[in-house]
Peer 1: 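The structure that follows is given in the form of structure tokens.
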Amino acid sequence: MLDFLKFRTLCQKIINRLLCNADFERISSRGNYTITYQHKKYHIKLECRKGKNMAENEFIFVDLFITPHYYFNGNKHNGNDFTPGNCQQVLQEIFSILKIEPSEFIEMQLINLEYGVNIIPEMNMKNLIEGIIYYKKTPFIFGSSIRTYKITNATPYKQIKAYDKGIQFVNYPQYGIQRNTFRFEVRSKQRKNIRKLGIYSLCDLFCDEVYKKLGESLLSEWENVLIINVEPDSTGLKSSEVKYITEAGTIEYWITKLQNPYRNCYAREVKKYYHKSQNKNNLHHQLKVLILDKIFDLLSGANSTQGISVKSAFSKNKKTLSG
């Protein structure tokens, strides 16, 4: 689940230990107050912030950047499953490398994180990505010139990403990433939102309950995504249904709904569209089932005692999938 983590520490004891670590080398500086170091072996970065009139080796705080899922795969990819148990093991290894003791984990405050899941839908990936058009009322845009990656700045502090993960590694069959792998991610850049997930420091990432909240958050965020079917199957549908699904299968149709002065017009139209699409044309429903099943599988594998609580946490979502 966890793909990227940014920690901040103000503990001078930890800061001194990190900066005395010979495995870090200075790679850049920004102005007079920010210095960046990179680990020579692992994808671990430090960003050190100085204050005015501070000595050369003194810093107000240090930010630590790590990518647990990539570390799990030898820094090659994040295209496979990554369970809470895997993540906890990786975190133990990384902070052991950094010589930060478990008793000091509380000093590592989490200020930025990215979490998501990989699923394998049986549908055309190009059409899937093209059909993802809104998060609530905020449009998804293609990332740079990449037509298989979409992102939306949901708020100044949150990004939602949806992209074709399989195409990233199509030339690396040794990684075993299926071509139809789709990834859905959330990136939170505000401590207030991170704390809503029950995460304050590194300590909390060793609590299984946190990963259930991450799973619930992913499902909740998916509910806000509008995905249209650009190539619907009209078999067995009435002509009026075909007409509606075809018209609603364009971004222009939804732009007019967003421009409607009636406040609830867009939300009601989304519900209508998903209802009229039924299961075979409702891509949102199909992907939700896969996301839910994947989260359930990941959480069930967290440890041997978690199964019952995971089932109860997600049974409500299971029951409402047909709606």
Side-chain angles (χ1 to χ4, degrees), residues 1-28 33-51 54-75 78 82-115 187-214 298-299 301-306:
M1 277 187 177
L2 293 178
D3 201 47
F4 168 81
L5 300 171
K6 178 181 177 181
F7 297 95
R8 174 168 295 174
T9 184
L10 288 78
C11 177
Q12 291 302 313
K13 183 179 177 181
I14 294 176
I15 290 174
N16 293 338
R17 196 180 312 144
L18 288 171
L19 296 177
C20 289
N21 189 326
D23 289 326
F24 281 104
E25 59 181 354
R26 180 170 174 168
I27 59 172
S28 67
Y33 303 111
T34 303
I35 302 174
T36 302
Y37 295 84
Q38 177 68 50
H39 199 280
K40 296 176 183 178
K41 184 177 180 181
Y42 302 107
H43 289 185
I44 304 173
K45 187 175 74 172
L46 303 177
E47 197 169 85
C48 310
R49 178 70 179 180
K50 298 178 67 68
M54 295 186 75
E56 176 66 24
N57 60 344
E58 291 182 336
F59 296 91
I60 302 172
F61 61 80
V62 168
D63 290 340
L64 170 70
F65 302 77
I66 62 173
T67 52
H69 198 165
Y70 271 87
Y71 178 94
F72 179 68
N73 292 304
N75 295 317
N78 65 341
F82 189 52
T83 69
N86 296 146
C87 185
Q88 290 166 354
Q89 181 180 357
V90 163
L91 292 174
Q92 288 176 335
E93 289 183 14
I94 289 176
F95 283 91
S96 176
I97 290 169
L98 298 176
K99 297 180 173 59
I100 297 176
E101 301 293 333
S103 61
E104 297 174 311
F105 286 177
I106 196 169
E107 300 290 347
M108 306 301 299
Q109 303 297 303
L110 189 63
I111 62 172
N112 195 317
L113 86 159
E114 187 170 277
Y115 53 103
R187 183 164 189 171
S188 182
K189 300 181 285 184
Q190 188 178 53
R191 273 195 255 194
K192 180 177 69 174
N193 291 330
I194 294 172
R195 288 174 177 176
K196 289 179 182 177
L197 298 169
I199 308 173
Y200 294 80
S201 72
L202 173 60
C203 290
D204 299 307
L205 297 181
F206 292 91
C207 174
D208 293 331
E209 186 67 27
V210 161
Y211 294 89
K212 285 191 284 184
K213 290 183 179 180
L214 290 172
L298 292 173
L299 293 180
N303 59 47
S304 60
T305 63
Q306 198 182 27

Peer 1: Within a 6.0 Å radius of atom NZ on Lys40, are there more than 12 heavy atoms belonging to other residues, nucleotides or ligands?
Peer 2: yes
Peer 1: Please report the interatomic distance CZ(Phe72) to CG(Asn78), rounded to the nearest 0.5 Å.
Peer 2: 12.0 Å
Peer 1: How long is the span from the CD1 atom in Ile94 to the NE2 atom in His43, to the nearest 0.5 Å?
Peer 2: 11.5 Å
Peer 1: Could you list the donor-acceptor pairs under 3.5 angstrom formed between side-chain atoms of residues 61-71 and any protein atom two or more places apart in sequence or on another chain?
Peer 2:
unit_1 : atom_1 : unit_2 : atom_2 : d
Asp63  : OD1    : Arg8   : NE     : 2.7
Asp63  : OD2    : Arg8   : NH2    : 3.0
His69  : NE2    : Asn80  : O      : 3.2
His69  : NE2    : Asn80  : OD1    : 2.8
Tyr71  : OH     : Glu93  : OE1    : 3.1

Peer 1: Got a salt bridge between Glu104 and Arg17, using NZ or NE/NH1/NH2 to carboxylate O under 4.0 Å?
Peer 2: yes
Peer 1: Please round to the nearest 0.5 Å and tell me the distance separating atom CD1 of Ile111 and atom CZ of Arg195.
Peer 2: 11.0 Å
Peer 1: Supply the atom-to-atom distance Cys11 SG to Ile106 CD1, rounded to the nearest 0.5 angstrom.
Peer 2: 11.5 Å
Peer 1: Is the number of heavy atoms from other residues, nucleotides or ligands within 6.0 Å of OH (Tyr33) greater than 12?
Peer 2: yes
Peer 1: Can you tell me how far the OG1 atom of Thr9 sits from the CD atom of Glu107, to the nearest 0.5 Å?
Peer 2: 5.5 Å
Peer 1: Would you check if the side chain of Gln38 reaches a backbone N or O of Tyr42 as a donor-acceptor pair within less than 3.5 Å?
Peer 2: yes
Peer 1: Do side-chain atoms of Asn16 reach the backbone of Lys13 as a donor and acceptor pair under 3.5 angstrom?
Peer 2: no
Peer 1: Please assess Ile100 against Leu202 for the test side-chain contact (heavy atoms from CB on, under 4.5 Å), listing each intermediate value before the final yes or no.
Peer 2: CA-CA 11 Å; Ile100 297 176; Leu202 173 60; 5.6 Å; no
Peer 1: Which value, rounded to the nearest 0.5 Å, describes the distance between Asn86 atom CG and Leu91 atom CG?
Peer 2: 11.0 Å
Peer 1: Could you tell me whether the side chain of Lys213 and the main chain of Lys196 form a donor-acceptor pair under 3.5 Å?
Peer 2: no
